[in-house]
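Structure first, commentary second.
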Amino acid sequence: MDWEVGTVIETSTQTPTARSLTLDVPSWPGNIAGQHIDLRLTAEDGYTAVRSYSLASSGPDSRLELAVDKLPTGEVSPYLVDVALPGDQLELRGPLGGWFVWRPEEPGSVQPVAVQLIAGGSGIVPLMAMIRSHAVSASLAPFRLLYSVRTPDDVFYAEELARLEKESDLLAVTYVYTRRTPPGWPVPAGRITDSALESAAFPATDAPAVFVCGPTGFVENLATRLVALGHDPADVKTERFGGA
Ligand SMILES: Cc1cc2nc3c(=O)[nH]c(=O)nc-3n(C[C@H](O)[C@H](O)[C@H](O)COP(=O)(O)OP(=O)(O)OC[C@H]3O[C@@H](n4cnc5c(N)ncnc54)[C@H](O)[C@@H]3O)c2cc1C
């Protein structure tokens, strides 16, 4: 697949350590919700670094949206979060990945399959593409998002998620705060417990399509527990962003 050039046309702060970037890629063939791109940065001395980034956008539009969390010691993410400006050009190739994707069902097709989304941190990005794709489709699939973040300040797309949840009976969002909760939150900060998983996620008996995305350790932990709760491993799709 050839490298293409995208122009940054807009950036927006998501959290104190993350921002979204909208890129215009005139040659973009379109993408399905859940897919990602490879992005290549080249230094003046010719050194290159390639990293994968999920798309928060989908469909035929030539405008792509990324949302990147900064790893302070990283090579690429600090540039995307702190440095890149509208007008800058970035090399990318894609769309990539045909497994971790959600498509609205055909109109009039069989009963829609419930969709369980589970995100850790920036793992929300491809799931956001699915939520947005669902919101503009005629799909009657019920969606639930279980979203684990460190603190209330670390939620990506907080306002948009609140609005979409309010506008649709088909979307339910549950937050789990691992380090600091909002005031008055009914449970202490901590990782996703079995009881949170059982109360906020579709049960295995509903046979939902499950998408889990986030840091590698988070994804492996959740996928193992979902299978232990009776979910068919074939229904649990995962995307690992790397790290511990
Ligand atoms: C398919 C796919 C999609 C991705 N989509 C996104 C996305 O939408 N948004 C996003 O912010 N990131 C995403 N990532 C992660 C991204 O590709 C980079 O790994 C991340 O931005 C760090 O790159 P870096 O060059 O800044 O850090 P590096 O220089 O690669 O790494 C710096 C240090 O951080 C560790 N590290 C690397 N990645 C992670 C991580 N994810 N969590 C914790 N520690 C890590 C490394 O082991 C190293 O010690 C995705 C990864 C994959 C595989």
Side-chain angles (χ1 to χ4, degrees), residues 1 3 6 8 10-23 25 28 31-43 45 47-58 63-84 88 90-102 117-133 145 147-151 153-158 160-161 178-179 191-192 210-223 236-244:
M1 193 176 271
W3 290 95
V8 179
E10 199 179 321
T11 66
S12 171
T13 300
Q14 288 292 335
T15 77
T17 60
R19 74 171 175 175
S20 49
L21 298 100
T22 306
L23 310 181
V25 186
W28 189 246
N31 68 282
I32 308 163
Q35 289 188 295
H36 64 274
I37 57 167
D38 278 348
L39 195 143
R40 178 166 73 180
L41 297 184
T42 305
D45 64 2
Y47 172 79
T48 59
V50 178
R51 299 290 183 274
S52 299
Y53 290 98
S54 294
L55 297 164
S57 53
S58 65
R63 290 158 61 110
L64 314 184
E65 187 179 320
L66 317 178
V68 180
D69 199 16
K70 179 171 71 174
L71 298 179
T73 58
E75 284 186 336
V76 172
S77 59
Y79 176 82
L80 296 174
V81 174
D82 294 335
V83 181
D88 286 354
L90 298 171
E91 281 186 299
L92 58 93
R93 64 180 173 201
L96 301 172
W99 166 249
F100 193 84
V101 294
W102 180 82
L117 309 174
I118 304 181
S122 57
I124 188 65
V125 179
L127 310 185
M128 197 64 205
M130 297 179 192
I131 290 170
R132 288 170 162 177
S133 171
L145 168 66
Y147 186 5
S148 170
V149 286
R150 283 172 298 216
T151 77
D153 299 333
D154 295 308
V155 177
F156 287 50
Y157 299 110
E160 186 177 345
L161 283 170
T178 59
R179 301 215 185 136
R191 297 191 171 184
I192 296 177
V210 186
F211 296 89
V212 188
C213 185
T216 301
F218 173 90
V219 169
E220 288 177 356
N221 175 281
L222 265 298
V236 181
K237 297 184 177 175
T238 58
E239 186 94 283
R240 294 161 175 77
F241 275 9

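Side chains are part of it too, since the values below use all heavy atoms of this structure and drop only hydrogens, waters and symmetry mates. Counting starts at 1 for both ligands and their atoms, following the listed order.
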TODO: Answer yes or no: does an N/O atom from His36 fall short of 3.5 Å to an N/O atom of ligand 1?
DONE: no
- [ ] Answer yes or no for Arg240: is there a heavy-atom contact with ligand 1 below 4.0 Å?
- [x] yes
Sequence neighbours left out, cut at 3.5 Å: what donor-acceptor pairs do the side chains of residues 119-131 make with other protein atoms?
none

TODO: Specify the closest pair of heavy atoms between Tyr147 and Phe156, including all atoms of both residues, with the distance to one decimal.
DONE: OH-N, 2.9 Å
Task: Candidate with minimal heavy-atom separation from atom 42 (N) of ligand 1, of Gly123, Ala18, Gly242, Ser52 - done: Gly242
Open item on the list: Applying a heavy-atom cut-off of 4.0 Å, say which part of Ala56 lies close to ligand 1: side chain, backbone, both or neither.
Closed with: neither
- [ ] Just let me know how Ser77 lines up against ligand 1, side chain, backbone, both or neither, with a heavy-atom cut-off below 4.0 Å.
- [x] both
TODO: Give the numbers and elements of all ligand 1 atoms closer than 4.0 Å to a heavy atom of Val68.
DONE: 11 (O)
- [ ] Would you mind listing which atoms of ligand 1 come within a distance below 4.0 Å of any non-hydrogen atom of Glu239?
- [x] 1 (C)
Task: For Val125, the ligand 1 atoms whose distance to one of its heavy atoms is below 4.0 Å - done: 8 (O)
- [ ] Would you check, one step at a time, whether the test side chain to side chain contact (heavy atoms under 4.5 Å, CB included) holds for Phe218 with Thr178?
- [x] CA-CA 12 Å; Phe218 173 90; Thr178 59; over 6 Å; no
Open item on the list: Suppose I only count heavy atoms of Gly243 and a 4.0 Å limit; which atoms of ligand 1 are within that range?
Closed with: 36 (N), 38 (N), 39 (C), 40 (C), 42 (N), 43 (C), 44 (N), 45 (C)
Open item on the list: Regarding ligand 1, does Thr73 bring an N or O atom to under 3.5 Å of one of the ligand's N or O atoms?
Closed with: no
Open item on the list: When you measure from the heavy atoms of Pro78 to every atom of ligand 1, does any distance fall below 4.0 Å?
Closed with: yes
Open item on the list: Side chains of Asp69 and Thr17 only: does a donor on one sit below 3.5 Å from an acceptor on the other?
Closed with: yes
- [ ] Can you figure out which of Glu65, Lys70, Arg51 has its heavy atom closest to atom 25 (O) of ligand 1?
- [x] Arg51
Open item on the list: Below a 4.0 angstrom heavy-atom separation, can you tell me which part of Val76, side chain or backbone, both or neither, approaches ligand 1?
Closed with: both
Open item on the list: Taking only non-hydrogen atoms of Pro215, do any sit less than 4.0 angstrom from ligand 1?
Closed with: no
TODO: State the CD1-CG distance between Ile37 and Asn31, to the nearest 0.5 angstrom.
DONE: 9.5 Å
- [ ] Give a yes or no answer on whether the side chain of Glu160 reaches the backbone of Tyr157 with a donor-acceptor pair at less than 3.5 Å.
- [x] no
Open item on the list: Assess the residue pair Leu80 and Leu90 against the criterion (side chain to side chain contact (heavy atoms under 4.5 Å, CB included)); give the C-alpha distance rounded to whole Å, side-chain angles, the decisive distance to 0.1 Å, and a yes or no.
Closed with: CA-CA 10 Å; Leu80 296 174; Leu90 298 171; 4.1 Å; yes
Task: Numbered atoms of ligand 1 (with element) below 4.0 Å of Ala67, judged on heavy atoms - done: 7 (C), 8 (O), 9 (N), 10 (C), 11 (O)
Task: Nearest heavy atoms of Ser77 and Val68, plus distance in Å - done: CB-CG1, 3.8 Å
TODO: Show your reasoning for whether side chain to side chain contact (heavy atoms under 4.5 Å, CB included) applies to Ser58 and Trp102.
DONE: CA-CA 10 Å; Ser58 65; Trp102 180 82; over 6 Å; no
Task: Qualifying residues under side chain to side chain contact (heavy atoms under 4.5 Å, CB included), relative to Arg40, sequence neighbours excluded - done: Trp3, Thr42, Thr48, Val50, Glu91
